[in-house]
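Each remark here refers to the structure printed beneath this line.
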Amino acid sequence: MAKKYVYSFGGGKADGNESMKNLLGGKGANLAEMAGHKNLRLPVPPGFTITTEVCIYYYKNRRTFPLGLKEEAAKALGKIEKLMGRNFGDAHNPLLVSVRSGARRSMPGMMETVLNVGLTEKTIPGLVKQSGGNTRFVYDAYRRLIMMYSDVVMEKAAGIEPKDEQGIRKQLEKIMSQVKKEKGCASDTDLNAEDLKLLCGTFKAKIKEVLKKDFPDDPHEQLWGGIGAVFSSWNGKRAVSYRRIENIPDEWGTAVNVQTMVFGNMGESSATGVAFTRNPGNGENKFYGEYLINAQGEDVVAGIRTPAPINAYSTSEHNKNLITLEKAMPKIYQELFDIQKRLERHYRDMQDIEFTIEKDRLFMLQCRVGKRNGPAAVRMCMEMLQERLIKKEEAVMRVTCAQLDELLHPIIDPKAELTQKPVARGLPAGPGGATGQIVFSAKDAVEWAKQGKQVILVREETNPEDVEGMRAAQAILTARGGMTSHAALVARGWGKCCIVGCAGIQVEYEKKEIHIDGKVLREGEWITLNGTKGNVYIGKFNMIDASEENKLLSEFLKLAASIKRLGVRTNADTPQDAQKARQFGAEGIGLFRTEHMFYGKGADEPLFRLRKMIISKTESERRKALDELFPYVKKDIKSTLEAMDGLPVVIRLLDPPLHEFVPRDPAKLEQLAKDLNISMEELANRAEGLHESNPMMGHRGVRLGVTYPEVSEMQMRAIFEAAAELIKEGKKPYPEIMIPVVCDVKELDDQLLLAKKVYAEALAKYNLNKIKYLFGTMIEIPRASLVAGKLATVAQFFSFGTNDMTQMGFGFSRDDIGGFLPDYIKKGILPEDPFQSIDQEGIGELIEIGIERGRKTRKDLEVGICGEHGGEPRSVEFCHRVGMDYVSCSPFRVPIATLAAAQAVLKEK
Ligand code: ADP
Ligand code: MG
Ligand code: MG
C-alpha cells in the first residue's frame, strides 16, 4: 500500500491518536485523541491532518507535494462534507475550514494558521443563509480571511520581507483602525455589516496595489495556498529562531490540520476562549482561563480586546468588570468544566485547551500539555502525586532541571519591596523578580544584553516576532494582553519574569519612553518587576534567593533524592556555603579549596602570611611564615569539617601558582619587605623569580608540595589537628586529603609519606588511636587518567577535575577561549562549549579510562567529579552512567544535580 499522508478525525472516530505526535504533530495527534478515543469522544469539529512526512517531502522536493496527496485530501474533505452536510465551495450550504500548523512540540504562535478558508464571492450568500441572515458575521469572517491570507500566504509564504510595520497585515490593520475612528467605534464588534463589506473591498484593492496580485476567489486555490503557506511557515523567521532557542531539530517539519470552521463570532451566544486545567502561573488546582464573546480564535491571544475571565477564580484587577463565562453561559461553562476534568484525568497532566462556542454549542479545538513555570511545575507534580493521578517516578520526571532552576532564582528583596509603592500593576504572567534597564524593541534587547547589560523589554503588546529579545531580556513587561496571551505563554515556558496587560503604562515607541503613574521613564532607566504579584517599580532593587521557604520544593527534592543513586556533594569554601548546601541535601563536600581563605573578606591577615611564605628564600624563613599561617588554616578547616559533621569533606591542598599571590600594591610590598627584613630590591628580585610564562602549567599543585614539603606538611597538620580537636569534642569529622595536578604515582608516594608522618604526630599529640580519613588525588591531567591503575595503588579516591581536564585535553586555555570558541560553535565544529557540558566523546573517554583502570587496582576506589560540570544536568547524567560515586557542584546547583541524578536513574528503565 502507498504511504498514508492524510489522517481523518471527527464523528466519534479518528485514524490517528495521541501517540502519533511525530507523524501528526502535537495538535493533530491530540485532535484525533479528543475526537476518537473511546473515553473522550469530545465535540471536535471534523477535519484531517496532513502528516509531517509531507512537510519533509515538500522541502526535499523544491516545495512540491507528493503524488497522490491531493486525491487523499479530497477524499478526506469528502468525509467532512458528509459529516457536516455541507460542501466545500458550495454556493448554498458552504463548508469552511481552517488550515492550522502543528509541529511535534508546540511552538506557540510561531507558525501560521488561516481561518475561514473557502469563503468567496460565490459562497458568501450561502454562509449568510447558514448563519440565519447574519450578514455582519459573514463579512467579519471574510475580512479576517483576507487579512490572514494576504499576510500568511501572499506575503510571508511568497518570501516577501516588508520593512518594519510595512507588512500587508499592518497596512490593512491601519485601514481598519481608520474606519473605526471615522465611525466612532471603540471595538471591532461595533462595525456593522455594511462597514465590513466596504472594508473587504478596500482590503482587496490594497492587496492588489501592494502585492500586485488578486486575492483568490477560488476555494481550492485558497485551501492549497493555505496548506503550502503552513508548510512554508516551518521555515519562517520566527519559527526558526524559536527552534534554535528550544533545540527543536529543523528536520522534524510540521503537520497541517484542515478542520471544519466553527464560529465564535456569530453573535452574543458565541464565544471563544483558552483555558488551563490548573493555574499555569502558580500550579494551583483551579480551572483557569479567559474568553471573549462574539470573537474568533486568535482574538483572545492577540490582545486586541481584553478577554474576560471564565470564572471568579480567573478574575484579576484587569478584567474584574467583565462578566465571567460561568455567569454568562452557565450551562456551557459546566460542560466545559466537565470536559477539562475528563481531559486532565485522561492525560494525567495539566492541559492547555482552546474552545469555541457557536450559538450555544461548545466545540473543542485543541488540547495539549500546558506549559508551566518552575514553581507551578513543582506544585502540580506534588499535588498530582497526592491525588494519586501520577506515581512518584512520574512526578520526578515532570519537572525539568531548567524549571527547578527557576525556583532557585532571585526574587525582589521583600524588605526593599515593602518600602516602595508599585507605580503600576499588571497580570503576573511569569514569577520571580527582575531588575533592568528599559528597552523598547527586541533588537535593542538583544544588543544591549550582548554588551552585558540587564534589560527589561517593554512592549505595547506581546508579539511572536519578539522571541529573541524576550529571551535576551531579564523580564518582559507589556501594556496589553492577558494571561493566555502569547508572550505570557512563551515567558512562562522559559520561566521568565513577565508582567502583561499592565494598563497603567503607556508606551511611546517613537520617543522611546513610557508614561507611568504621572512620570516619564526613558530608554535605559531602571525598573524592577515582581512577576509573582504583577507589580512594577521604578528603580533598581536588590534581589535575593527565594528557595529557602518553599516547602513543596524541599519535599520534591526529597523525592528526587530517594530515587537517585549518585551521591551529590557540594563545592564549598566557607562554612556558610557548606551549611546552605547541606540544607539543599548535599551529602558532603567534594571540593574545599584551601586557597579560598586568601581571597575576599577577612583574608588580609592570612594572605599577608601566605605572601611571607611565598617570598621566603630559605626553609627556615618559610617555616616561620608557615607557623604563623597554620592557625588560620586550621581554624578554617575545622569550622568546615564541623558544619559537615559526619559527612566527607574533600580538602584540596594548595593549588594555584604562587606568583598569583604576590602583591602589586606598593604599600603592601613595602609592608612585606619590612616584615621579612629585606630590601625592596631584594623583594622585587624574589618576586621576579616566581614569574612563569605559562603559570597554568607551571609550578602549582603537587609540584609545590614536592619542592616545598613543609607547605604540604603544614596543611596536612591543619587537617589532622582540626579533625582531632573535633573528635575530642564528640564530633565525627571525615576529611579526605586531595592532592591536585598529579600526573604520576611517585608524586603521590612522596606526599603520602608526609601525610603518614604528620598523622602519627597528630595521633600522639591528641592521644588518639585513629582519625578517619582518606588520601586521594585529583585526576585532571590526561596522563593521570592513563596511569590511573598505578595511581590507585596509593590513592583511595579519585576526583575528576574536569575543568583542567577539558583545558588540557582539548589544549584550550580556559581564559582565552573567547577568541575562537564562538566561531567553533557557529560553524558547528563543536556542538557546544565543552567547559559547560562535558565533552562525552573525548574528555568523557579519558574519564571512563581513569575509572576503569583505577577500579581494577582498587575495587572500592571512591570516584567523584569536582569540576563545574558537576552541576550541569547532562554531565550529571554522564557521571551516573560511567559509575561515579558522586558529583560535586556549587551549593545552589545541588538541587539541580539531585534532580538530574534521579532522572538519570529513571531514564535507564
Ligand atoms: P496556534 O497553534 O498558533 O494556536 P491554531 O491553529 O490553534 O494556532 O489557531 C489559531 C486560532 O484559531 C486558535 O485560537 C484556534 O482556536 C482558532 N481556530 C483554529 N481552527 C479553528 C476552527 N476550525 N474553528 C474555529 N476556530 C479555529
Ligand atoms: Mg492554538
Ligand atoms: Mg585544577
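Order of listing sets the numbers, starting from 1, for every ligand and every atom in it. No experiment lies behind these values; they were computed from the predicted model shown.
Excluding waters, the protein N/O/S atoms found under 2.8 Å from the Mg ion (ligand 2) are Glu354 OE2, Gln366 OE1.
The line from CE of Met34 to CZ of Arg41 is 15.0 Å long, rounded to the nearest 0.5 Å.
Between Leu31, Thr272, Leu365, Val117, it is Leu365 that holds the heavy atom closest to atom 27 (C) of ligand 1. Considering only non-hydrogen atoms, atom 18 (N) of ligand 1 lies nearest to Leu115 out of Leu115, Val114, Val262.
Checked against a 6.0 Å centroid threshold, the rings of Phe65 and Tyr58 count as neighbours.
The proximity of Gln296 to ligand 1, defined as any non-hydrogen pair under 4.0 Å, does not occur for either the backbone or the side chain. Only side-chain heavy atoms of Glu354 come within less than 4.0 Å of ligand 1; its backbone N, CA, C and O stay farther off.
Of the N or O atoms in Thr356, none lie within a sub-3.5 Å distance of an N or O in ligand 1. An N or O contact shorter than 3.5 Å links Arg100 to ligand 1 by distance.
Close to ligand 1: Lys27, with a non-hydrogen atom less than 4.0 angstrom away.
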Would you mind writing out the side-chain donor-acceptor pairs for residues 19-26 within the sub-3.5 Å range, not counting sequence neighbours?
from: Ser19; atom 1: OG; to: Asn17; atom 2: OD1; distance (Å): 2.6
from: Lys21; atom 1: NZ; to: Glu18; atom 2: OE2; distance (Å): 3.2

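When every heavy atom of Arg348 is checked against every heavy atom of Arg345, the shortest pair comes out as CG-O, 3.2 Å. The two residues Gly10 and Leu83 come nearest to each other via the heavy atoms C-CD1, 3.9 Å.
Side-chain contact annotation: Gln222 with Asp218, donor-acceptor N/O pair under 3.5 Å absent. Between the side chains of Glu468 and Tyr242, no donor-acceptor pair is found at a separation under 3.5 Å.
Within the structure, side chain to side chain donor-acceptor pair (under 3.5 Å) contacts touching residues 266-275 (residues at least two apart or in different chains) are Thr272-Thr356.
The salt bridge (Lys or Arg N to Asp or Glu O under 4.0 Å) check on Arg243 picks up Asp250, with sequence neighbours excluded.
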